[in-house]
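Below is one structure, written out as structure tokens; comments come after it.
Numbers here simply count residues along the sequence, with the first being 1.
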Amino acid sequence: MLQLITERPVESQIFYSVLFFSWIVYMWEAYLAGRQRKMYRTTTHVPAELGNIMDPETFEKSRLYQLDKSTFSFWSGLYSEAEGTLILLLGGIPFLWNASEHILNRAGFSAEYEIFHSLVFLLLATLFSALTGLPWSLYSTFVIEERHGFNQQTLGFFFKDALKKFLVTQCILLPVASLLLYIIKIGGDYFFIYAWLFTLVVSLVLVTIYADYIAPLFDKFTPLPDGILKESIENMAKSIDFPLTKVYVVEGSKRSSHSNAYFYGFFKNKRIVLFDTLLEDYSPLNKEGTEDTSEHENAEPKSKAKNIIKKQGCNNQEVLAVLGHELGHWKLGHTVKNILISQVNSFLCFFIFAVLIGRKELFAAFGFHSTQPTLIGLMIIFQFIFSPYNEVLSFCLTVLSRRFEFQADAFARNLGKAKDLYSALIKLNKDNLGFPVSDWLFSMWHYSHPPLLERLQALKVDKQN
């Protein structure tokens with residue numbers, strides 16, 4: 001195979017090398033997923049070391065849920081790889097670029113308006129991606145998640161939400177892309193520095209405004225009411241000098257019964273967001289026998305979930321332990337370190353892009369023989385040429401993330417939360433039907449969080465004290 005590639009012209013070498021590497025990565029991922037799927041199929045009884053953690057009923061539920069997800073992932077991954085291959089082989093990218101030009105011509109714009117041309121191309125590409133991904137998303141939500149009691153959406157809510165996400169994405173993507181292309185066009189020899197600075201500013205702005213202005217378009221955020229939990233959260237934040245300004249509860253239960261918590265904001269303006277499904281006293285799934293005050297379109301899915309998950313969320317002390325872990329990421333500088341790593345990587349990528357953008361053979365390899373559009377150059381270099389580097393970087397970041405998770409657990413443990421974090425991890429694993437048995441190679445490559453047993457073992461000594 002490699003010999004056949006090297007005997008071709010340089011454009012063909014580039015094209016088939018990209019294609020070859022893409023399938024190598026896919027087969028590697030499929031191999032790892034197959035190893036993990038075997039664990040789901042063969043581990044049908046609770047291992048001895050998990051006897052005090054999971055009951056047989058929950059263990060079986062989690063096994064079947066993860067097996068369904070793994071099987072779905074296999075078929076959706078195969079489709080995605082086949083689709084990407086066909087797009088490349090059949091010249092889908094230049095075809096879409098030409099279709100964009102045709103639309104521009106009909107609107108009265110000539111080919112010299114490259115930025116407008118690029119925006120039409122982006123709009124068509126994201127629309128194509130949304131439409132081809134829609135059946136998979138529907139199956140995942142209304143078959144797999146519904147079967148296992150997690151889905152809280154109706155079809156009407158789902159399509160409304162999908163349309164809203166698409167429109168919001170376009171409102172952000174198109175202006176940002178146009179400004180980035182303009183900066184690259186006028187930036188001269190050092191455009192990569194200006195492009196990197198622009199993307200840095202955009203990422204910081206988006207992180208700052210996301211929870212205040214973007215997320216509320218999709219979910220309802222309400223301040224956590226005054227009480228013991230809020231007071232305890234504020235006291236813990238104060239004890240570690242975390243500049244907390246607000247605590248919100250987000251109505252995540254209207255779309256899924258999965259739970260989460262996070263913080264956001266810069267400098268002295270930090271906020272904490274708790275999913276209602278994380279809070280034992282707030283989760284609608286625990287309010288059996290009470291009148292459902294949510295929107296009518298969500299009432300039927302919620303009643304189905306009650307029959308499957310009888311108790312949801314953590315008590316106040318466990319919520320504090322979970323937040324102790326999350327705030328540990330801030331106190332230990334993990335957030336800043338991740339931002340620095342991301343920005344160093346972004347700068348290097350833009351620098352290499354500046355070196356490669358003039359290579360006409362890169363464009364010719366993907367069907368662009370007479371033109372070299374900047375947007376297409378970004379796509380070719382960032383998505384295809386950088387793919388081996390991206391795989392290595394992704395693995396390194398996964399390893400680093402697991403290290404950070406252990407450190408954050410240790411931070412919560414040092415706050416005296418070991419016992420509560422121990423029980424919270426077990427509850428969250430049960431609520432989300434996490435399967436606690438993992439293939440070592442699959443876990444090493446994919447898990448950004450350590451397996452449950454490893455985290456519990458690290459907390460066990462302090463829990464017993």
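The backbone N or O of Gly252 sits nowhere less than 3.5 Å from a side-chain atom of Asp219 that would complete a donor-acceptor pair. Listed for the Ser203 side chain is a donor-acceptor partner under 3.5 Å among the backbone atoms of Thr199. Judged by distance alone, with hydrogens and angles left aside, the side-chain atoms of Thr141 form a donor-acceptor pair with the main-chain N or O of Ser137 at under 3.5 Å. Between the side chain of Ser22 and the backbone N or O of Val18, no donor-acceptor pair lies under 3.5 Å. Judged purely by atom type and a 3.5 angstrom limit, Thr398 uses its side chain to pair as donor or acceptor with the backbone of Ser394. Side-chain N or O atoms of Lys164 include none that pairs as donor or acceptor with a backbone N or O of Phe218 at under 3.5 Å. Using modelled atom types, one side-chain atom of Gln66 and one backbone atom of Leu433 make a donor-acceptor pair closer than 3.5 Å. With hydrogens and angles ignored, the 3.5 Å screen pairs no side-chain donor or acceptor of Ser342 with any backbone N or O of Asn338. With Asp161 contributing its side chain and Phe157 its backbone, the two residues share no donor-acceptor pair below 3.5 Å. With hydrogens and angles disregarded, a donor-acceptor distance shorter than 3.5 Å links the side chain of Thr169 to the backbone of Lys165.
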Requested in this report: Could you go through the side-chain contact (heavy atoms from CB on, under 4.5 Å) check for Leu278 and Asn260 one step at a time?
Outcome: CA-CA 6 Å; Leu278 176 68; Asn260 197 8; over 6 Å; no
Query raised in the report: Given the rule in the side-chain contact (heavy atoms from CB on, under 4.5 Å) test, do Leu274 and Leu323 qualify, once you have shown the distances and angles that lead to the verdict?
Result: CA-CA 9 Å; Leu274 306 170; Leu323 287 179; 3.7 Å; yes
Requested in this report: Kindly determine whether Tyr65 and Ile144 satisfy side-chain contact (heavy atoms from CB on, under 4.5 Å), including the steps that lead there.
Outcome: CA-CA 8 Å; Tyr65 175 53; Ile144 295 178; 4.2 Å; yes
Report task. Output, in order, the C-alpha distance, side-chain angles, deciding distance and verdict of side-chain contact (heavy atoms from CB on, under 4.5 Å) for Trp28 and Glu391. Result -> CA-CA 11 Å; Trp28 167 246; Glu391 288 296 321; 5.8 Å; no
Requested in this report: For salt bridge (Lys or Arg N to Asp or Glu O under 4.0 Å), just list the numbers for Arg63 and Glu60, CA-CA rounded to whole Å, side-chain angles, deciding distance to a tenth of an Å, and then say yes or no.
Outcome: CA-CA 5 Å; Arg63 186 183 74 84; Glu60 180 65 8; 2.9 Å; yes
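Side-chain atoms of Phe166 and Ser129, non-hydrogen and from C-beta on, never get closer than 4.5 Å to each other. Between Leu180 and Val202 there is no side-chain heavy-atom pair separated by less than 4.5 Å. In this structure the side chain of Arg402 reaches within 4.5 angstrom of the side chain of Met444, judged on heavy atoms. For the pair Asn98 and Phe95, the minimum side-chain heavy-atom distance is 4.5 Å or more. Residues Ile87 and Leu96 fail the side-chain proximity criterion, which asks for heavy atoms closer than 4.5 Å. Phe347 places a side-chain heavy atom less than 4.5 Å from the side chain of Ile193. Between Pro436 and Met54, some side-chain heavy-atom pair lies under the 4.5 Å cut-off. Considering only heavy atoms from C-beta on, Cys349 stays 4.5 Å or farther from Trp196 through its side chain.
Side-chain contact, Glu101 with Tyr113: no donor N or O sits under 3.5 Å from an acceptor N or O. In this structure, a donor-acceptor pair under 3.5 Å is absent between the side chains of Gln152 and Ser253. Of the N and O atoms on the side chains of Glu145 and Asn151, not one donor lies less than 3.5 Å from an acceptor on the other residue. Between the side chains of Tyr447 and Ser438, a donor-acceptor pair is found at a separation under 3.5 Å.
Closest approach of Ile357 to Ala354, counting heavy atoms only: CG2-O, 3.5 Å. For Glu405 against Ser448, the heavy-atom pair with the smallest separation is CG-O, 3.8 Å. Summarising the geometry of Ser76 relative to Ser73, their closest heavy-atom pair is OG-O, 3.2 Å, with the distance given to 0.1 Å. Of all non-hydrogen atoms in Tyr213 and Leu217, the two that sit nearest each other are O-CG, 3.5 Å. Across all their heavy atoms, Gly313 and Asp431 have their closest contact at N-OD2, 2.8 Å. Here the shortest heavy-atom pairing between Phe198 and Val176 reads CE2-O, 3.6 Å.
Checked against the 6.0 Å centroid criterion, the rings of Tyr26 and Trp23 qualify as a close aromatic pair. Ring-centre distance between His329 and Phe404: not below the 6.0 Å cut-off. In summary, the aromatic rings of Tyr264 and Tyr210 are positioned with their centroids too far apart to meet the 6.0 Å limit.
The aromatic rings of Phe351 and Phe192 lie perpendicular to each other, with more than 60° between the two planes, well past the 30° mark. Under the 30°/60° scheme for interplanar angles, the aromatic rings of His117 and Trp97 are found to lie parallel.
Listed by first and then second residue, the salt bridge (charged side-chain N to carboxylate O under 4.0 Å, His left out) pairs that reach into residues 30-43 are Arg35-Asp439, sequence neighbours excluded. Residue pairs meeting the salt bridge (charged side-chain N to carboxylate O under 4.0 Å, His left out) criterion with at least one partner in residues 191-204, sequence neighbours excluded, do not occur; the list is empty. Residue pairs meeting the salt bridge (charged side-chain N to carboxylate O under 4.0 Å, His left out) criterion with at least one partner in residues 69-86, sequence neighbours excluded, do not occur; the list is empty.
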Tell me which donor-acceptor pairs under 3.5 Å the side chains of residues 366-375 have, and how far apart each pair is, sequence neighbours excluded?
unit_1: Thr374; atom_1: OG1; unit_2: Glu114; atom_2: OE2; d: 3.4
unit_1: Thr374; atom_1: OG1; unit_2: Lys185; atom_2: NZ; d: 3.4

Throw together a table of side-chain donor-acceptor distances under 3.5 angstrom for residues 377-389, partners on residues two or more places apart or in other chains.
unit_1: Ser387; atom_1: OG; unit_2: Phe384; atom_2: O; d: 2.7
unit_1: Tyr389; atom_1: OH; unit_2: Asn345; atom_2: OD1; d: 2.4

What pairs of donor and acceptor atoms, side-chain ones from residues 240-248 against any protein atom, are under 3.5 angstrom apart with sequence neighbours left out?
unit_1: Thr245; atom_1: OG1; unit_2: Asn269; atom_2: OD1; d: 3.3
unit_1: Thr245; atom_1: OG1; unit_2: Lys270; atom_2: O; d: 2.8
unit_1: Thr245; atom_1: OG1; unit_2: Arg271; atom_2: NE; d: 3.4

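For the atom pair Ser118 OG and Leu123 CG, the distance stands at 12.5 Å (nearest 0.5 Å). In this structure, Arg147 CZ and Leu64 CG are separated by 9.5 Å, a value rounded to the nearest 0.5 Å. Atoms CG and CZ, from Leu134 and Phe159 in turn, are 5.0 Å apart once rounded to the nearest 0.5 Å. For the atom pair CZ (Phe121) and OG1 (Thr126), the distance works out to 10.0 Å, reported to the nearest 0.5 Å. Distance check: Ser259 OG to Phe275 CZ gives 8.5 Å after rounding to the nearest 0.5 Å. The structure places OG1 of Thr335 at 11.0 Å from CG of Leu340, a figure rounded to the nearest 0.5 Å.
By the neighbour-count criterion of 12 heavy atoms within 6.0 Å, atom CH2 of Trp75 is sparsely surrounded, having that number or fewer from other residues, nucleotides or ligands. Lys220 NZ: 12 or fewer foreign heavy atoms inside a 6.0 Å radius. Counted within 6.0 Å of NZ on Lys337, heavy atoms from surrounding residues, nucleotides or ligands total more than 12; the atom is thus considered enclosed. The number of heavy atoms from other shown groups lying within 6.0 Å of CZ (Phe74) is above 12.
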